[in-house]
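Every chain is numbered from 1, with letters handed out A, B, ... down the list of sequences. FYI, side chains are in, hydrogens and waters are out, and symmetry mates aren't considered; it's all heavy atoms of this structure.
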There are 2 protein chains.
Amino acid sequence: MTAAQPAAPRPRGRPRSTRAQEVIRDAATRLFAERGFSRTSVRDIAAAAGVDPTIVIRHFGSKDALFLQTMSVDEGFRGLTEGPLEDLGRNLLRRLVAHADPAQAEVFAALIGALDRPEVRNYVEQSTERHIVQPLIERLTGADAELRARLVTAQILGLLVAVWALRRPDLTSTPLDDVLDIYARAVQTLIDGTAGNDDRSPERGST
Amino acid sequence: MTAAQPAAPRPRGRPRSTRAQEVIRDAATRLFAERGFSRTSVRDIAAAAGVDPTIVIRHFGSKDALFLQTMSVDEGFRGLTEGPLEDLGRNLLRRLVAHADPAQAEVFAALIGALDRPEVRNYVEQSTERHIVQPLIERLTGADAELRARLVTAQILGLLVAVWALRRPDLTSTPLDDVLDIYARAVQTLIDGTAGNDDRSPERGST
DNA sequence: GTCTATACACCGATAGAC
DNA sequence: GTCTATCGGTGTATAGAC
């Protein structure tokens, strides 16, 4: 039709994404998840994808950018705080630990492992903030709701780091249901906020 | 033993201890804690110490070995689980978060940041195991003592990661006492193990 | 324009001369 | 022991080929 439009041989499909980009992304996802950031070189990814190392940079800007673009945990974090508040502790752990697919676990471990990269730290920070902390703040009631939401996130983060990143053997070998039941109670303590702030006078107040 | 000789160029007492080693260690400690592992090069450390880069490797074997030798968290973890069991949750957090000196916090953050190095992960794993998990196992009573000890460690780890490694702004800006009081209760839940294991029922009688 | 190859500065680490 | 020279390897920019 219009002559101004440059020759686009593919009217449908994905005009701006090359097939090479997809192959590179697949290889990067696999290798980063397998070996982590520091032990995966751009040349390794390029070799696995069957392309030249420089076009990896040409398409994705940098190794860090490719890492962040492939190692995304947003999908696994979405809709995490939904469901009844009284069972939220258990459901959080169920979705994040028990029902999580191994691929997401590897992605999380890779992100934690590369945490001294400022951009990675920034992403993990804002991803947990957006998908866990903020939704929790809106759901929690009682005193110190925001602080409690952040502390619940810290609890979750600790279990995820211990299980997926540190690969604590005696924690992963235990049947996960037992771990969930016990840990969920501690998480639920902060969700409920039942503990008074002056003394040991717990009031079961689900306001 | 020997009288203090300020201008002693060659202390003959220790022929194999070089002063360069000490200078390198100081520079490495400062730079690793400041910028983390990946952003600190051996050449940077050598320049800061005023020595040749090859001496750094010659004396410490490798960059990883130097990192592990300087970024040690054993000192800050020692004797952590002492004190009355009923206040252990609060005391753990006090010693690790409130009373911890900033230097130890930076060291911890550097270790977490380099967690995808197998040797670093191994060290963090066995250090928390030796200084927190094992002493806790021997002190806890009741069912699932070992599992609870590991979960308490996960809770602690989560708070440390959130505060020191992730540098959550809204968590560090809050007065630490409030954080400790609230989080300590959740930790104490696992220490006491008061929660029944059959059904979920909000606790009203805490011991 | 998309892709490819040459090239560079830096990295950690080694061998060998003083 | 300390330095010079150098190795293979890294991430990345750039100039050229289709």
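The distance from atom CD of B:Glu22 to atom P of D:dG1 is 17 Å, rounded to the nearest whole Å. One can place CG of A:Asp52 at 17 Å from P of C:dT2, the figure rounded to the nearest angstrom. Rounded to an integer number of Å, the gap from A:Leu31 CG to D:dG11 P is 12 Å. What separates CZ of A:Phe37 from P of D:dT10 is a distance of 13 Å, to the nearest Å. One atom, CD of A:Glu119, and another, C1' of D:dG11, lie 14 Å apart when rounded to the nearest Å. At whole-Å resolution of the value, CD in A:Gln21 and P in C:dT4 are 13 Å apart.
Residues passing the ring pair (Phe, Tyr, Trp, His ring centres under 6.0 Å) test with A:Phe108, sequence neighbours excluded: none. Take B:Ala27 and apply the side chain to side chain contact (heavy atoms under 4.5 Å, CB included) test, not counting sequence neighbours, and it matches B:Ile45, B:Ala48, B:Ala49.
Looking at heavy-atom distances under 4.0 Å, A:Ser38 makes no contact with the nucleic acid at all. Within the 4.0 angstrom heavy-atom criterion, base atoms lie near A:Ile55.
Listed by first then second residue, pairs satisfying ring pair (Phe, Tyr, Trp, His ring centres under 6.0 Å) with a partner in residues 45-77 of chain A read A:Phe32-A:Phe67, A:Phe37-A:Phe67, not counting sequence neighbours.
For the residue pair A:Ser62 / A:Asp64, no side-chain donor-acceptor distance below 3.5 Å is found, with atom types taken as modelled.
Rounding to the nearest 0.5 Å places OG1 of B:Thr40 at 8.0 Å from CD of B:Glu34. Summarising the geometry, atom CZ belonging to A:Arg168 is positioned 3.5 Å from atom OG1 belonging to B:Thr128; distances are rounded to the nearest 0.5 Å. From A:Glu146, atom CD reaches atom CG of B:Leu171 across 9.5 Å, with rounding to the nearest 0.5 Å. Here the straight-line distance linking atom CG of A:Leu140 with atom CG of A:Asp192 works out to 9.0 Å at 0.5 Å rounding. Here A:Leu166 contributes atom CG and B:Glu125 contributes atom CD; the two are 5.0 Å apart, rounded to the nearest 0.5 Å.
Between A:Arg121 and A:Asp116 no salt bridge is recorded (no basic side-chain N to carboxylate O distance below 4.0 Å).
Less than 4.0 Å separates DNA chain C from no heavy atom of any residue of residues 60-72 of chain A. Of the residues in residues 42-51 of chain A, none has a non-hydrogen atom less than 4.0 angstrom from any atom of DNA chain C.
Under a cut-off of 6.0 angstrom, the local environment of CD in A:Glu82 is sparse, with at most 12 non-hydrogen atoms contributed by other residues, nucleotides or ligands.
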Close N/O contacts between protein and nucleotides 16-18 of chain C (under 3.5 Å):
none

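Contact annotation: A:His59 reaches the phosphate of C:dC3 (side-chain N/O to OP1 or OP2, under 4.0 Å). A close approach under 4.0 Å does not occur between any side-chain nitrogen or oxygen of A:Thr54 and OP1 or OP2 of C:dA5.
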